[in-house]
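Heads up, the thing below is written out as structure tokens.
Just so we're on the same page: letters track the sequence lines, and every chain starts at 1. Below, all heavy atoms of this structure are taken into account, side chains as well, without hydrogens, waters or symmetry copies. All of these numbers come straight from a predicted model, not from anything done at the bench.
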Amino acid sequence: MHLLRTHSCGELRKEHAGCEVSLAGWVNRRRDHGGLIFIDLRDREGIVQTVFNPEISPSGLKTAEEMRNEYVVRVTGEVALRPAGTENSKIPTGDIEVIVKDTEILNTSNTPPFYINEEVEVDENLRLKYRYLDLRRPRMKENMLLRHRVTKFMRDFLDARGFIEVETPILLKSTPEGARDYLVPSRVHPGEFYALPQSPQQLKQLLMVAGFEKYYQIARCFRDEDTRADRQPEHTQLDIEMSFVTQDDILNLMEELYTSLVETIKPELHLVKPFPLLTYTEAIERYGSDKPDLRYDLEIADLTDIAARTDFAILRTAIDNGGKVKGITAPGCGEYSRSQLEELNKLVLSAGAGGLLTVSLGAKGGGLDGLTLNEVKSVAAKFLTLEQVKEIAGRCRADKGDLLLVVAGEPDKIYPALDILRREMARRLKLADPGVIAFGFVVDFPLLARNEETGRWEPANNPFTEPRDEDIPLLDSAPEKVFGKNYDIVCNGLELASGSIRIHDAELQRKIFRLLGYNDKEIDSLFGHMLEAFDYGAPPHGGIAPGIDRTVMLLAGEETIREVIAFPKTQSAMDLTFEAPSPVTEEQLAELHIRLQEEE
RNA sequence: GGCCCCGUAGUGUAGCGGUCUAACAUGCCACCCUGUCACGGUGGAGAUCGGGGGUUCAAAUCCCCCCGGGGUCGCCA
């Protein structure tokens with residue numbers, strides 16, 4: 001099978017000493033001592049030192065003189081223990097070397113545009129243009145191997161529990177979902193388009209109607225929206241759907257999956273078990289976010305009642321207008337400078353809140369009891385009694401030397417600001433331990449949200465989510481009070497997975513669609529296939545879909561999912577290796593019945 | 001679309017009004033070198049400082065516009 005090689009470079013160890021081997025790989029580095037040349041030969045499994053000695057092979061040395069970095073070469077020789085004192089403990093193959101008897105350059109290489117054999121930050125554009133070289137670098141290679149192990153683990157895990165993998169179409173139908181669709185024009189049907197799936201949501205539900213009971217798929221999902229560090233035009237999710245399950249069944253399955261995944265693949269990461277479970281309302285009230293980073297506390301304290309008793313007009317006005325007063329503690333930041341405080345204020349303003357009230361609790365030491373009003377630095381200071389300051393500090397679990405960050409106003413405005421403050425302070429104070437991976441469940445989301453612009457109800461998660469049984473009567477009277485049977489997995493401040501128990505009753509589903517503003521004709525043309533399917537014995541079912549890219553990113557300790565995707569796109573949705581997207585020929589357009597419009 | 005950050009030899013950085021004829025490291029090329037492993041030594045090539053305009057006696061450096069990239073808000077059911 002392997003005509004060019006008998007072993008991989010990285011697998012050779014002491015036990016191979018004396019073996020005659022053939023290796024093939026890339027020149028990682030050449031060390032030319034004149035009469036003696038060392039070539040570090042690299043393949044996917046690792047690096048091994050090969051030695052070219054004129055006393056063994058004069059022609060081999062001559063060939064080695066021609067070799068340069070990234071040349072592809074084959075060597076044949078004998079594995080030998082390195083001379084005493086020349087072992088290299090830094091590499092796994094460092095006890096041995098290969099004494100080359102015969103060699104051959106299989107292919108030359110241009111000098112790479114960036115270092116492949118060193119870990120240096122390189123401009124990402126350049127890396128993406130030459131992604132095939134970037135992927136040779138150890139970090140990227142490890143990320144791709146990790147990704148493989150993760151998906152392999154997931155497949156094995158689900159297979160062992162009776163799930164079957166089913167492939168679903170990439171060319172399908174545009175339906176009014178949350179995101180913009182990627183459209184593919186039809187040649188056969190002039191003027192009609194396929195849409196790439198934003199997720200296999202409807203398909204997996206139809207597979208439940210089909211009776212597969214437990215389905216999964218490593219599924220590619222497409223959304224034509226702006227990218228982020230954790231968002232790409234196409235991403236991969238572990239798409240899961242099960243029949244005859246409750247929310248707890250799915251959450252338990254996920255906890256087991258992620259716990260065993262981390263313990264098997266990244267045992268060095270500290271995992272918090274069991275996963276904490278928060279309701280959506282709790283998550284917002286405690287962390288200001290429905291995807292809180294649970295690696296640190298910095299919880300939000302409600303100060304509304306205390307603030308209402310003060311003489312500080314700004315806070316009292318906010319409360320009189322139906323607002324709340326909330327704060328978090330920045331530990332040890334009591335001596336922040338005016339400009340540092342102003343930076344935080346700008347963050348709060350950018351988040352849409354009215355402004356930030358800071359209360360500095362002096363210098364460290366002495367405890368709250370020793371605090372004097374003189375030490376308290378705040379524009380609110382003269383409106384507060386010492387007792388009130390202490391009460392506020394106590395509520396925020398703050399100590400002397402800390403900084404209180406207080407925001408007042410409508411909940412919609414202040415929670416995003418508190419969320420930003422919380423994450424910013426955690427970043428500054430390095431509160432998020434990179435050795436910790438903190439999962440959590442968030443449950444009981446509102447089913448619907450009012451779109452401010454259109455005034456229409458929109459699904460907070462997706463239109464197929466089943467309302468909580470007890471809330472169904474509210475659908476007619478008070479839709480905003482209806483909670484859904486949906487749940488997220490959060491991890492280190494990311495939304496890692498989202499799922500729900502689905503509606504399996506055609507009438508209830510039709511009711512939801514009507515509530516979302518569709519008339520019956522629209523419902524039938526857009527979702528008729530789903531409603532009809534539900535009338536043929538749809539089992540109760542539910543599912544979830546964890547993001548694979550985000551999972552691997554977290555396990556790899558990377559900051560963006562681009563680092564764990566082989567060929568990712570830039571922020572402007574381009575593939576720099578292929579320079580896609582690109583224009584097509586007039587003939588191609590004509591075949592698709594498409595005429596381009598001049599941009600103004 | 002808004003806000004913020006970045007753009008200097010192949011790569012990574014320094015320089016932030018004049019001493020810049022742009023520095024350093026590495027890579028590259030040539031020569032020397034038989035135990036290195038980020039080998040070492042000597043020499044050399046390599047940048048109109050993202051593009052355009054302006055201010056100034058003088059611009060990599062200050063200002064404006066544009067381009068490219070990234071982060072974030074909007075957006076992402």
Practice task
Please check the phosphate of B:A38 (OP1 and OP2 only) for any side-chain N or O of A:Lys90 closer than 4.0 Å.
Solution key: yes
Exercise for the section: Answer yes when A:Arg562 and A:Asp549 have at least one side-chain N-carboxylate O distance shorter than 4.0 Å, and no when they do not. Expected result: no
Exercise for the section: Give A:Pro459 one of three labels, base, sugar-phosphate or nothing, depending on what nucleic acid heavy atoms sit under 4.0 Å from its own. Expected result: sugar-phosphate
Exercise for the section: Calculate the interatomic distance between A:Glu458 atom CD and B:C76 atom C1'; express it in whole Å. Expected result: 12 Å
Completion exercise
Expected list for residues 113-126 of chain A near RNA chain B, using heavy atoms below 4.0 Å, is A:Pro113, A:Tyr115, A:Glu118, A:Val120, A:Glu121, A:Val122, A:Asp123, A:Asn125, A:Leu126
Practice task
Assign A:Arg127 to base, sugar-phosphate, or nothing according to its heavy-atom contacts below 4.0 angstrom with the strands shown.
Solution key: nothing
Practice task
Scan A:Ala460 against the nucleic acid and name what it touches under 4.0 Å (heavy atoms): base, sugar-phosphate only, or nothing.
Solution key: sugar-phosphate
Practice task
Looking at every strand, decide which applies to A:Glu97 at a 4.0 Å heavy-atom threshold: base, sugar-phosphate, or nothing.
Solution key: base
Exercise for the section: Just compare B:G74, B:U36, B:G71 and give me whichever is closest to any side-chain atom of A:Arg231. Expected result: B:G74
Problem - Distance test, side-chain N/O of A:Ser572 to OP1/OP2 of B:G69, below 4.0 Å - result: yes
Practice task
Just name whichever nucleotide pairs with B:C24, Watson-Crick or G-U, keeping both distances under 3.5 Å, else none.
Solution key: B:G12
Exercise for the section: Check the distance between B:A30's P and A:Glu66's CD and give it to me in whole angstrom. Expected result: 9 Å
Exercise for the section: Would you mind reading off the distance between A:Leu347 atom CG and B:C4 atom C1', rounded to a whole angstrom? Expected result: 11 Å
Problem - Integer angstrom distance from the P of B:A30 to that of B:A45 - result: 15 Å
Problem - Pair assignment for B:G40, Watson-Crick or G-U wobble, requiring both distances under 3.5 Å - result: B:C32
Exercise for the section: Would you mind classifying the nucleic acid contact of A:Pro54 as base, sugar-phosphate or nothing, using non-hydrogen atoms under 4.0 angstrom? Expected result: base
Fill in the blank from the handout: Judged by nearest nucleotide, the residue sitting upstream toward the 5' end of RNA chain B, A:Arg550 or A:Thr111, is A:Thr111
Handout entry: Close residues, residues 500-516 of chain A, relative to RNA chain B [heavy-atom separation under 4.0 Å]
Key = none
Practice task
Name the pairing partner of B:G68, where a pair is Watson-Crick or G-U wobble with both distances under 3.5 Å, or state none.
Solution key: B:C6
Fill in the blank from the handout: Under a 4.0 Å heavy-atom cutoff, the residues of residues 220-228 of chain A touching RNA chain B are A:Arg223, A:Glu225, A:Asp226, A:Arg228
Handout entry: P-based separation of B:U21 from B:C32 [nearest Å]
Key = 37 Å
Exercise for the section: Examine the base of B:C33 for any acceptor or donor lying under 3.5 Å from a partner atom in the side chain of A:Arg31, and report the outcome as yes or no. Expected result: no
Problem - Residues A:His504 and A:Gln205: side-chain donor-acceptor under 3.5 angstrom - result: no
Handout entry: No-H, no-angle donor-acceptor pair, A:Arg30 side chain to B:C37 base, under 3.5 Å
Key = no
